[in-house]
Amino acid sequence: MGVILQTKGLSKSFGKLTVLYDLNISLEKGELFSLLGPNGAGKTTTIKILTTLLKPSAGDALIDGVSIKKDSYKVRKLIGYVPQMLSADGTLTGYENLLLFGKLYDIPNKEAKRRALEALEFMNLSDFASKQVKTYSGGMVRRLEIAQSMLHHPEVLFLDEPTTGLDPIGVKTVWEHILKLKDQFNTTILLTTHIMEEADKLSNHVAFLSRGKLAATGTPEGLKSSLGKENVSMEDVFIHYTKESLDTEKSFRDLRISIRTTSRLG
Ligand SMILES: Nc1ncnc2c1ncn2[C@@H]1O[C@H](COP(=O)(O)OP(=O)(O)O)[C@@H](O)[C@H]1O
Ligand SMILES: [Mg+2]
């Protein structure tokens, strides 16, 4: 196995506001790691730092031994990223969106076409390859975006709230394809979610972020048994370690924004 990603005292402040404090986590190659926490916990900030889109105020992280601070260009070649807000172009077809990413990653045209078709097949989107993305369901758009982020065969894939705002079938198919990626390509995946139940079932390791601080990290089983009680849910573990309740009202608002974004695509 071996460690593929390690953060070393990552911190981030915006002016006087510190939103991430001294984060230390590490990911094993080929694992699925979930960063959990309510809105505002610092999940997106962490992902933006690890994908080199934001500079840390202190600390560093190594991805496959490469520093995000010193070698951001090299890091970008090692990673794939799907942002929180849906971002595929609704006026283009799925195939065209993929070819665009082929260009972005400097993949030669013929090879990009081959990989685009292969990715569509992998994500069960072949039948929709020549349809405009604005006709896709939210789950299909997400699968297409994951396909885009994988075209250059990255070592580590960052998915920010990949299932937020999707209907239950969308959630299920997106998860199935994330797990298939992990199994078939041994891709290391770091994702964020505020849905504790998903993370519990599917992650190798989880970390709880609460107001910018790492409250606990471990395997879902290990964390649940650490409470020393029967029938413990991930939500119970979260509340135990953070003394915080999950703000479902706020999560719901976030979900509606995401759905509005889906219907606005195109
Ligand atoms: N560019 C920015 N300037 C100022 N504050 C920001 C900025 N980006 C994020 N924040 C703040 O950082 C905190 C963490 O945000 P974020 O990382 O998006 O949380 P999460 O993804 O867990 O919901 C929030 O309080 C948010 O308002
Ligand atoms: Mg976020």
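Values below: all heavy atoms of this structure, side chains included; hydrogens, waters and symmetry mates excluded. This is a predicted model, so every value here is computed, not measured.
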Is a donor from one side chain sitting under 3.5 angstrom from an acceptor on the other, for [X] and [Y]?
X      : Y      : answer
Asn231 : Lys224 : no
Ser203 : Ser34  : yes
Gln84  : Thr164 : no
Thr52  : Ser72  : no

When you look at Asp22 and Ser11, which way does the side-chain hydrogen bond (donor to acceptor under 3.5 Å, both in side chains) test go after all the steps? CA-CA 5 Å; Asp22 192 30; Ser11 302; 5.2 Å; no
State whether the number of non-hydrogen atoms from other residues, nucleotides or ligands found under 6.0 Å of [X] atom [atom1] is greater than 12.
X      : atom1 : answer
Ile169 : CD1   : no
Tyr73  : OH    : no
Lys243 : NZ    : yes
Lys77  : NZ    : no

Would you please classify the geometry between the Phe122 ring and the His177 ring as parallel, tilted or perpendicular, with 30° and 60° separating the classes? perpendicular
Walk me through whether Ser226 and Tyr241 qualify under side-chain hydrogen bond (donor to acceptor under 3.5 Å, both in side chains). CA-CA 10 Å; Ser226 73; Tyr241 282 104; 2.7 Å; yes
Roughly how far apart are [X] [atom1] and [Y] [atom2], rounded to 0.5 Å?
X      : Y      : atom1 : atom2 : answer
Thr188 : Ile63  : OG1   : CD1   : 10.0 Å
Phe101 : Met150 : CZ    : CE    : 13.5 Å
Thr193 : Leu191 : OG1   : CG    : 7.0 Å
Leu50  : Leu23  : CG    : CG    : 8.0 Å

With ring pair (Phe, Tyr, Trp, His ring centres under 6.0 Å) as the rule and sequence neighbours excluded, what pairs involving residues 197-229 come up?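 Output for this query lists Phe208-Phe238.
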Between Tyr81 and Leu53, does a side-chain contact (heavy atoms from CB on, under 4.5 Å) hold up when you go through it step by step? CA-CA 11 Å; Tyr81 169 51; Leu53 298 172; 3.4 Å; yes
Is any NZ, NE, NH1 or NH2 atom of the basic residue among [X] and [Y] found under 4.0 Å from an Asp or Glu carboxylate oxygen of the other?
X      : Y      : result
Glu118 : Arg115 : no
Glu176 : Lys180 : no
Glu155 : Lys29  : yes

Nearest heavy-atom pair of [X] and [Y]: which atoms, and what distance?
X      : Y      : answer
Glu161 : Thr192 : N-OG1, 2.9 Å
Leu10  : Gly59  : CD2-C, 3.9 Å
Ala216 : Leu223 : CB-CD2, 4.1 Å
Pro154 : Ser149 : CG-O, 3.5 Å
Ser67  : Asp60  : OG-OD2, 2.8 Å
Ile25  : Leu190 : CD1-CD1, 4.4 Å

Aromatic Tyr136 / basic Lys134 pairing, under 6.0 angstrom, 45° off normal: no
Working for side-chain hydrogen bond (donor to acceptor under 3.5 Å, both in side chains), residues Ser126 and Glu121: CA-CA 5 Å; Ser126 293; Glu121 176 75 35; 3.2 Å; yes
Under a 4.5 Å side-chain heavy-atom rule over Ile, Leu, Val, Met, Phe, Trp and Tyr, are Tyr105 and Val82 clustered together?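 Tyr105 clusters together with Val82.
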Would Met140 and Met123 show up in the same hydrophobic cluster when neighbours are defined by side-chain heavy atoms closer than 4.5 Å?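 Same cluster.
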Using modelled atom types and a 3.5 Å cut-off, is there a donor and acceptor pairing between side-chain atoms of Ser13 and backbone atoms of Lys16?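 Not at all, since once roles are kept as given, no pair shorter than 3.5 Å links the two residues.
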Test side-chain contact (heavy atoms from CB on, under 4.5 Å) on Val75 and Ile79 and set out the steps. CA-CA 7 Å; Val75 166; Ile79 61 171; 4.2 Å; yes
Test side-chain contact (heavy atoms from CB on, under 4.5 Å) on Arg143 and Thr173 and set out the steps. CA-CA 8 Å; Arg143 268 145 55 206; Thr173 57; 3.3 Å; yes
So Thr163 and Glu198, side-chain hydrogen bond (donor to acceptor under 3.5 Å, both in side chains) or not? Walk me through it. CA-CA 9 Å; Thr163 59; Glu198 287 181 3; 3.0 Å; yes
